[in-house]
Number of protein chains: 2
Amino acid sequence: MEIYRTEKRQRYLEEYSIGNLFSFPIEEFLEVHEYKRDEWIIQEGMRPDFLFYVIEGKAKIYVTHQNGKVSLINFIKEEDFFGEMELLNPIYYTKGIQASTTMICFAIPFHRCRAKMLEDAAFLRELAKFLSVKSTQMAAKYTQSLSFPLENRLADFILQTADAEIYKEKHVTVCDFLGVSYRHLLYVLAQFCEKGYLKKEGRHYRIQQLNELEGLARVLLNE
Amino acid sequence: MEIYRTEKRQRYLEEYSIGNLFSFPIEEFLEVHEYKRDEWIIQEGMRPDFLFYVIEGKAKIYVTHQNGKVSLINFIKEEDFFGEMELLNPIYYTKGIQASTTMICFAIPFHRCRAKMLEDAAFLRELAKFLSVKSTQMAAKYTQSLSFPLENRLADFILQTADAEIYKEKHVTVCDFLGVSYRHLLYVLAQFCEKGYLKKEGRHYRIQQLNELEGLARVLLNE
DNA sequence: TCCAAAATATGAGATATCTCATATTATTGT
DNA sequence: ACAATAATATGAGATATCTCATATTTTGGA
C-alpha cells in the first residue's frame, strides 16, 4: 500500500473531485491510497479506519464461512464506496476487501470526518442511494440464485465480463462468485462449447452464438 | 385498506411517535393506513405514492420471475421502512408488498415530503443505517443459500419463527422464502422428524431437540 | 352448507450440483 | 532456471434438489 503525498496527491484531488458529494470541504481530509493487485485492503473481521471511495481499479468482497467455504459477495468498481457499513454501524462483521487490479482510492479518515459526514445531508443522500442500489442488486442476485440453474447465471456473467467476444475470467473466481463447485462450472462451460455457444481457444473462450447466451441471460431479467 | 382519521389517527400519532427520526415536524404530513391480512399494499411493478413506516404487523416482499417462479425476498416487520427505494431512485422495478397480518403503517406522501426528506440529515442517517443493515442481511442470505444445503437454512428458519417450541409456518410460504421446492421441504422436515429433532403434531411441529437444530443453524453464523 | 381453491402429503424418476481423486499445465518467487 | 504453488482439466460416484403425478385434507366464500 502506498499513500500519495504532495503533488501526486494534489493531482488526483483535482482530476477526480468528489467535492460535489459533500456539502462541506472534504478535500483537506482526503488521503489518496494505492493498493497493488491481490493486496488486502481490509482484512476480514477487522474494522477499517477509513471510508473509501474508488477512483480507479476493481476489488472483490469476500466472506469466509464456518465450513471453510469462501464466497465472493460482489465486485467493487470505480465510484463505489466501501467501509460505509463500519461508518454507520458500531457493530458489524467486516468483510474482506481485496484489490483485483491496481487500485486507487480516496480514503476518508473516520476519526476526523465521521461526525461531519453523519451530519451532511448531501453525502447521506448519496450514500443512501448507493446502499439502496446495492441492496436491490443483492436481493436480485439472491432470488436469481435460488430460481435459476447455473446455466442462466453463467450466461449472464459471461456477457457482463466478456471483452470483445472473448471470455477469460479465472474459473476459481467465478466459482466463488456464482457459488458453485469448480467441477460443475467446467461441466456447464463444456456444455456451452458442445452446443456451439462458446468455442475454446487455448485458455480463453470465444463467444460464437451471442443470441443463445442472451436468451439464457434474459430470463434472469426483471428487477 | 382503511385510512384512519381524526381521533383514531391522533391516537397513533401520539402512541408511536416517529418525530425523532426527522428534524422537521413530520406529524402533520403523516397518514395512518390499515391493511388487512393478504392485502397487497404495493403491487409489483407499480410505483407507490408514499414512504411507509411499519407500526404494527408484518408483510412480505415478493418478486415474480420470468419463468413464473415467485420469490419471497424478505419479511417486513415493525419499525421497518418500505417504499424507500422509490423515494431514492427515479427508476426502480417495484417489488410487491403483501400484508401477512393486519398491518398499520405511517404513510408519508412523496408529493408533499420528498424534498424535505431528501434534505434532512437526521432522516437520511436513519435511512442509510436501515439500508446498510438490509443490504448486509441480503448479502448474508445470498452467500448462505449458495454455501449450505436446506438442512442448515431450514433449521435456522425454524428457530427464528418457532413460538414456544411450536413451529407452524405455512410450507408454501417457506418454499418461496428459502427458494426450494415444496417436495424437498417436506423431505427435509421428514428427516428432522426421523432424527427426532422435531415431532409432528397434527399440522404443527414441536421442537424436541433444540440443541441439534441450533447446531445446524450455527454453521450459518458469521456476519 | 357446500363447493372450489388452497394447503398438505407422498411416490417415482430426472437432473443439477457436489465431493474426491488424480493429471497436466501455468505462474511466481528465489 | 527450478521448485513450489496455483490454475486447469477430467472421471466416477454420491447427494441435494426438482418435476410431475396424484390423493387427501383444510379453508374461505357464495
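Throughout, protein chains are lettered first and strands after them, A, B, ... in sequence-line order, and every chain is numbered starting at 1.
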Please confirm whether the shortest side-chain N or O distance from A:Lys200 to OP1 or OP2 of D:dA9 is below 4.0 Å. yes
Tell me the interatomic distance from [X], atom [atom1], to [N], atom [atom2], rounded to whole angstroms.
| X | N | atom1 | atom2 | answer |
| --- | --- | --- | --- | --- |
| A:Leu189 | C:dT17 | CG | P | 13 Å |
| B:His204 | D:dT25 | NE2 | P | 18 Å |
| B:Glu151 | C:dC18 | CD | P | 16 Å |
| A:Leu146 | C:dT17 | CG | C1' | 14 Å |
| B:Asn67 | D:dC18 | CG | C1' | 13 Å |
| A:His171 | D:dT10 | NE2 | C1' | 12 Å |
| B:Asp176 | D:dC18 | CG | P | 12 Å |
| B:Tyr205 | C:dT8 | OH | C1' | 9 Å |

Quick one: ring-ring contact (aromatic ring centres under 6.0 Å, His included) partners of B:Tyr205, sequence neighbours excluded? none
Return a single string for nucleotides 19-30 of chain C, one symbol per nucleotide in 5' to 3' order, where B is base contact, S is sugar-phosphate-only contact and - is none, cutoff 4.0 angstrom on heavy atoms. B-----------
Under a 4.0 Å N-O cut-off, is there an ion pair linking A:Arg153 with A:Asp156? no
With a 4.0 Å cut-off on N to O distance, would you call A:Glu34 and A:Lys36 a salt bridge? yes
So does A:Val70 get a backbone contact from the side chain of A:Thr64, meaning a donor-acceptor N/O pair under 3.5 Å? no
Under 3.5 Å, side chain of B:Thr143 to main-chain N/O of B:Ala140, donor-acceptor pair present? yes
Side chains of A:Lys141 and A:Gln137 in contact at under 4.5 Å (non-hydrogen atoms): no
Of the candidate nucleotides D:dT8, D:dT17, C:dA16, which contains the atom at the shortest distance from the side chain of B:Arg153? D:dT17
Report the nucleotide, chosen from D:dA7, C:dA7, C:dT17, that has the shortest atom-to-atom distance to any side-chain atom of A:Lys170. D:dA7
Using the C1' atoms of the five pairs at each end, what is the angle between the end axes of the helix from C:dT1-D:dA30 to C:dT30-D:dA1, to 10°? 60°
Less than 3.5 Å apart, which donor and acceptor atoms pair up between the side chains of residues 82-92 of chain B and the rest of the protein, not counting sequence neighbours?
| from | atom 1 | to | atom 2 | distance (Å) |
| --- | --- | --- | --- | --- |
| B:Glu84 | OE2 | B:Lys134 | NZ | 2.9 |
| B:Glu86 | OE2 | B:Thr94 | OG1 | 2.9 |
| B:Asn89 | OD1 | A:Ser132 | OG | 2.8 |
| B:Tyr92 | OH | B:Lys95 | NZ | 3.3 |

Only counting residues at least two apart or in another chain, list the ones meeting salt bridge (Lys or Arg N to Asp or Glu O under 4.0 Å) with A:Glu201. A:Arg206
Name every donor-acceptor pair, under 3.5 Å, that has one atom in a side chain of residues 162-184 of chain A and the other anywhere in the protein, sequence neighbours excluded.
| from | atom 1 | to | atom 2 | distance (Å) |
| --- | --- | --- | --- | --- |
| A:Ser181 | OG | A:His184 | N | 3.2 |
| A:Arg183 | NH2 | A:Tyr187 | OH | 3.3 |

